[in-house]
Amino acid sequence: GAVVSQHPSRVICKSGTSVKIECRSLDFQATTMFWYRQFPKQSLMLMATSNEGSKATYEQGVEKDKFLINHASLTLSTLTVTSAHPEDSSFYICSAREGALTGYTFGSGTRLTVV
Amino acid sequence: AQSVTQLGSHVSVSEGALVLLRCNYSSSVPPYLFWYVQYPNQGLQLLLKYTSAATLVKGINGFEAEFKKSETSFHLTKPSAHMSDAAEYFCAVSGDTGRRALTFGSGTRLQVQP
């Protein structure tokens with residue numbers, strides 16, 4: 001089945017630094033990628049939707065200059081948390097979809113801790 | 001607009017007992033509905049999905065769900081719980097025949113007692 005590889009699984013960074021999270025679709029072309037954020041014991045909240053070769057569409061309240069999303073190829077999307085602060089600590093999960101009517105495949109998530 | 005409500009943030013059952021996790025949806029268009037399971041510090045694994053075909057959907061690990069339009073429900077069931085079923089379960093909806101991002105419910109933590 002479809003597989004999405006997400007790296008790193010865990011990262012600890014200092015406040016003020018930037019962190020990049022990668023999601024790769026291994027056996028299909030991901031025309032659309034979704035990025036979610038999940039706080040402890042809470043549900044997943046959609047941050048942004050990106051289509052290959054286009055600018056990402058951010059959800060209301062999500063700072064696009066802080067959470068930079070790049071979807072330059074059909075198999076790779078990246079989320080960069082810029083100038084991270086402790087409140088950015090969270091679990092970030094990507095999801096990829098090959099086409100409009102195909103299923104959604106999730107990465108294994110990245111636990112970001114900003115100290 | 002679309003939304004999902006999961007009734008019961010925590011459900012506890014005995015091993016071998018029936019599992020019932022409730023999900024009600026709201027959608028302005030015919031919905032696609034999903035159930036996912038999440039183990040600690042992991043991503044989401046698809047259990048099953050409804051995409052306007054059969055209303056009774058069978059998934060992996062013995063789970064199934066029934067789409068009831070009149071009740072706007074998509075409850076998840078399993079006849080006999082196993083210890084390995086203990087996890088967080090999320091119901092999700094995608095409008096516009098699956099073209100949009102998923103909207104998730106708040107999740108239900110299933111505990112299985114020996």
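Chain naming here is simple, since letters A, B, ... match the order of the sequence lines and numbering starts at 1 in each.
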Tell me, out of Thr32(A), Leu44(A), Thr105(A), who's got the most heavy-atom pairs with chain B below 4.5 Å.
-> Leu44(A)

Using side-chain heavy atoms (C-beta onward) and a distance below 4.5 Å, is [X] in contact with [Y]?
X         : Y         : value
Gln38(A)  : Gln38(B)  : yes
Leu102(B) : Phe106(A) : yes
Thr103(B) : Leu46(A)  : no

Per-residue tally against chain A (heavy atom, under 4.5 Å) across Asn41(B), Leu46(B), Thr51(B) peaks at Asn41(B)

If hydrophobic clusters are built by linking Ile, Leu, Val, Met, Phe, Trp and Tyr wherever their side-chain heavy atoms come under 4.5 Å apart, do [X] and [Y] end up in the same one?
X        : Y        : result
Leu76(B) : Val11(B) : yes
Tyr36(A) : Ile69(A) : no
Phe91(A) : Tyr36(B) : yes
Trp35(B) : Ile60(B) : yes
Val37(B) : Tyr50(B) : yes

Portion of Phe104(B) that has a non-hydrogen atom of chain A nearer than 4.5 angstrom |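 Phe104(B) touches chain A through backbone and side-chain heavy atoms alike.
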
Could you look at Leu44(B) and say if it's the side chain, the backbone, both or neither that has a heavy atom under 4.5 Å from chain A?
-> both

Assess whether atom NZ of Lys66(A) is packed by more than 12 heavy atoms of other residues, nucleotides or ligands within 6.0 Å.
-> yes

CZ of Arg22(B): more than 12 outside heavy atoms within 6.0 angstrom?
-> no

Measuring from atom [atom1] of [X] to atom [atom2] of [Y], what distance do you get when rounded to the nearest 0.5 angstrom?
X        : Y         : atom1 : atom2 : value
Gln45(B) : Ser108(A) : CD    : OG    : 12.5 Å
Ser9(B)  : Gln42(A)  : OG    : CD    : 12.0 Å
Gln42(B) : Arg111(A) : CD    : CZ    : 11.5 Å

Which residues in residues 11-30 of chain A have any heavy atom lying under 4.5 Å from a heavy atom of chain B?
->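 Not one residue of residues 11-30 of chain A has a heavy atom under 4.5 Å from chain B.
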
Could you tell me if the ring centre of Tyr104(A) sits under 6.0 Å from that of Phe34(B)?
->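 So the answer is yes for these two rings.
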
Is the backbone of Gly105(B) close enough, under 3.5 Å, to the side chain of Ser43(A) for a donor and an acceptor to pair up by distance?
->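 Checked: pair present.
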
